[in-house]
Amino acid sequence: MAVDELLGPSGITCEGEGRDIIEALAEVPDLWDVNLSNWSNDSQTSRFSEEGFQEPYIRFVKSVTTKPVVGVGRYTSPDSMARVIKQGIMDFIGAARPSIADPFLPVKIEEGRIDDIRECIGCNICTSGDNTSVPMRCTQNPTVGEEWRKGWHPERIAAAETTDAVLVIGGGPAGLEAARALAQRGLDVTMAEAGREWGGRVSRESRLPGLATWARVRDWRVGQLKTYQNAQMYLQSPLSAEDILQYGIPHIAIATGSHWRGDGVGRTHCLPLDYLQAGVTVSPDALLSDGAKAVPVDGPVVVFDDDCFYMRSVLAELLAAFGRKVTFVTPEAQVSPWSNHTLEQARVQRRLIDLDVTIITAHCLSSRTADTLELACIYSGKTRSIDCAALVPVTARLPDESLWHHLTARRDEWADAGIQSVTRIGDCLAPGLIAAANYSGHQYAREFGTTPSRDAVPFLREDIAMFRSTVLAGTM
Ligand SMILES: Cc1cc2nc3c(=O)[nH]c(=O)nc-3n(C[C@H](O)[C@H](O)[C@H](O)COP(=O)(O)O)c2cc1C
Ligand code: SF4
């Protein structure tokens with residue numbers, strides 16, 4: 001099925017006119033660079049496709065031309081790349097997102113440094129930058145878009161001028177990246193994580209349907225950290241303010257993450273919805289930790305999405321896959337509208353439809369009984385009632401910042417304890433995307449030991465006067 005012009009059976013396909021065109025022009029170009037149209041088919045995410053997903057469509061090209069062929073399809077592993085060449089499917093591997101995640105991918109393969117490759121996770125946060133006209137960000141590579149603006153080299157980072165020790169508390173994406181980059185700078189790093197595994201939200205989210213590759217955010221960083229003798233890592237090590245004051249490590253980075261709020265407050269509902277307590281409410285965090293069994297009652301589950309990105313739809317998918325009857329309610333006009341920026345929206349909505357999830361758009365919450373939920377149309381205010389044994393509100397997150405508050409309450413004791421700085425990073429500072437947490441951790445490590453000016457713009461800006469006098473005047 002295709003609603004786009006020229007796509008699908010009514011358009012240009014690899015079995016029909018697409019093949020005819022390439023056969024007709026077979027020897028004309030010096031090289032064939034082949035890929036799928038449109039962009040949402042070309043840059044498919046790992047949630048919806050495997051590595052090499054374009055092969056079925058482009059593998060015929062080599063058989064109709066003697067010219068070299070290059071293609072794409074989120075090739076992130078050297079083994080897959082070697083297979084494609086050995087099987088004669090292509091002569092070159094194109095790698096757009098894999099190169100964004102790791103611009104030094106080819107060098108690392110050449111040098112046999114396979115474990116050093118920072119593999120793309122296929123999340124398309126990079127495309128969201130393009131689609132929202134803001135600087136590009138990458139969930140794996142925090143230096144993307146800052147190479148020129150901030151002088152952040154993807155591989156190199158200046159050695160620290162101080163030899164002070166740093167304690168990083170929390171082993172999620174921000175903590176892991178901060179510790180890794182601090183260790184790369186030669187600092188003495190200690191990492192403490194309260195839980196039994198590294199990765200924090202990345203580990204929990206990677207267990208959701210279709211998100212397994214996201215664990216690479218954790219795996220690459222843990223793997224790199226293990227190569228540094230100046231990094232010590234401790235699991236199952238919850239720390240209190242008292243512990244930290246006793247250790248007396250001079251610099252503390254608090255990366256304790258965030259949690260989903262359960263009171264309904266978010267983009268649509270500005271005040272806590274007390275009526276939610278009339279029935280069973282299950283937090284997204286409970287589903288992330290315990291899966292579908294976190295819902296303690298039988299009957300229909302309603303997932304209310306005020307987050308508008310991936311979390312709500314993967315939770316609905318999780319529950320539906322366990323045989324739960326799921327209703328998806330959103331104040332928006334479509335399911336997960338922010339997924340348009342990651343080119344996934346149509347696939348997300350289609351998947352929920354395929355899973356028989358009931359979708360109710362343009363409605364917010366209005367009131368509740370033990371087994372019903374009243375919804376209100378966001379345009380007319382007209383209400384309707386639906387069956388609801390359990391509600392999962394996916395609205396907004398709050399920082400897990402109690403340790404920060406306990407420590408700052410004892411600021412007077414810092415000097416005697418030898419503590420010079422305490423800094424919040426990642427979701428503990430501002431809950432956001434995994435890419436933002438990773439960026440925040442990296443930024444902390446990059447700027448460690450420097451005193452950023454409060455007044456200066458913290459990155460280079462294009463010089464419009466120079467642009468006018470060179471580019472527009474034709475001298476460049
Ligand atoms: C952030 C981003 C920007 C892109 N911009 C362009 C573009 O301007 N022109 C183009 O032909 N393809 C563009 N692409 C598509 C890629 O060149 C490539 O065909 C696609 O991502 C599939 O390759 P991959 O699986 O190796 O990422 C872009 C892809 C990404 C992720
Ligand atoms: S943002 Fe995600 S998809 Fe894009 S290059 Fe980075 S890891 Fe890959």
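These values consider heavy atoms only, across backbone and side chains, with no hydrogens, waters or symmetry-generated copies. Bear in mind the structure is a predicted one, so any value in this text is a computation, not a measurement. When a ligand or atom number is given, it counts from 1 through the structure's own listing order.
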Query raised in the report: Where on Pro98 is there a heavy atom closer than 4.0 Å to ligand 1, on the side chain, on the backbone, on both, or on neither?
Result: side chain

Query raised in the report: With a cut-off of 2.8 Å, does Cys126 place any N/O/S atom under that distance from atom 2 (Fe) of ligand 2?
Result: no

Query raised in the report: Asn35 side chain to Val72 main-chain N or O, any donor-acceptor pair under 3.5 Å?
Result: no

Query raised in the report: Does ligand 1 have an atom that lies less than 4.0 angstrom from a heavy atom of Met136?
Result: yes

Query raised in the report: Could you go step by step and tell me if Tyr444 and Leu182 meet the side chain to side chain contact (heavy atoms under 4.5 Å, CB included) rule?
Result: CA-CA 9 Å; Tyr444 172 76; Leu182 288 164; 3.9 Å; yes

Query raised in the report: What are the atoms of ligand 1, with element, lying closer than 4.0 Å to any heavy atom of Gly73?
Result: 25 (O)

Query raised in the report: Any N/O of Gln54 closer than 3.5 Å to an N/O of ligand 1?
Result: no

Query - Atom pair OG (Ser37) and CG (Leu7), whose distance is rounded to the nearest 0.5 Å - result: 5.0 Å

Report task. Provide, to 0.1 Å, the distance between atom 5 (N) of ligand 1 and the closest protein heavy atom, together with that atom's residue and name. Result -> Asp130 OD2, 4.2 Å

Query raised in the report: For atom 25 (O) of ligand 1, what's the nearest protein heavy atom and its distance?
Result: Arg74 N, 2.5 Å

**Report entry** Under-4.0 Å protein heavy-atom contact, atom 31 (C) of ligand 1
**Finding:** yes

Query - cation_pi(Arg397, Trp260) dist<6.0 Å, angle<=45 - result: yes

Report summary line: From the list Arg74, Arg216, Arg97, salt bridge (Lys or Arg N to Asp or Glu O under 4.0 Å) with Glu119 holds only for Arg216

Query raised in the report: Which atoms of ligand 2 are found less than 4.0 Å from any heavy atom of Thr139?
Result: 1 (S), 6 (Fe)

**Report entry** Heavy-atom nearest neighbour in the protein, as seen from atom 19 (O) of ligand 1, with distance rounded to 0.1 Å
**Finding:** Asp42 OD2, 2.6 Å

Report summary line: Residue, atom and distance of the protein heavy atom nearest atom 27 (O) of ligand 1 read Arg97 NE, 2.7 Å

Query raised in the report: Between Ala96 and ligand 1, does any nitrogen or oxygen pair lie at a separation below 3.5 Å?
Result: yes

Requested in this report: Ignoring angles and geometry beyond distance, decide whether Tyr75 reaches within less than 3.5 Å of ligand 1 through its nitrogen or oxygen atoms.
Outcome: no

Query - CD/Gln229: more than 12 non-hydrogen atoms of other groups inside 6.0 Å - result: no

Query - Per-atom contact, atom 16 (C) of ligand 1, protein heavy atoms, under 4.0 angstrom - result: yes

**Report entry** Separation of Leu319 CG from Arg324 CZ (nearest 0.5 Å)
**Finding:** 7.0 Å

Query - Near-ring test Trp152/Tyr439, centroid separation under 6.0 angstrom - result: yes

Query raised in the report: Does the ring center of Tyr310 lie less than 6.0 Å from the ring center of Trp214?
Result: yes

Report task. Would you please classify the geometry between the His153 ring and the Phe104 ring as parallel, tilted or perpendicular, with 30° and 60° separating the classes? Result -> tilted

Query raised in the report: How close does the nearest protein non-hydrogen atom get to atom 8 (Fe) of ligand 2, and which residue and atom is it?
Result: Cys120 SG, 2.4 Å

Query - Distance flag for atom 7 (C) of ligand 1, protein heavy atom under 4.0 Å - result: no

Query raised in the report: Looking at atom 11 (O) of ligand 1, would you say a protein heavy atom lies below 4.0 Å from it?
Result: no

Query raised in the report: Identify the closest protein heavy atom to atom 29 (C) of ligand 1: which residue and atom is it, and at what distance?
Result: Trp39 NE1, 3.6 Å

Query raised in the report: Tell me, which protein residue and heavy-atom name are nearest atom 5 (S) of ligand 2, and how many Å apart are they?
Result: Arg97 O, 3.2 Å

Query raised in the report: Identify the closest protein heavy atom to atom 21 (O) of ligand 1: which residue and atom is it, and at what distance?
Result: Ser43 OG, 2.7 Å

Report summary line: min-distance protein heavy atom vs atom 23 (O) of ligand 1 -> Val72 CB, 3.2 Å

Query raised in the report: Taking the inter-plane angle between the rings of Phe309 and Trp338 on a 0 to 90° scale, is it parallel (under 30°), tilted (30 to 60°) or perpendicular (over 60°)?
Result: perpendicular

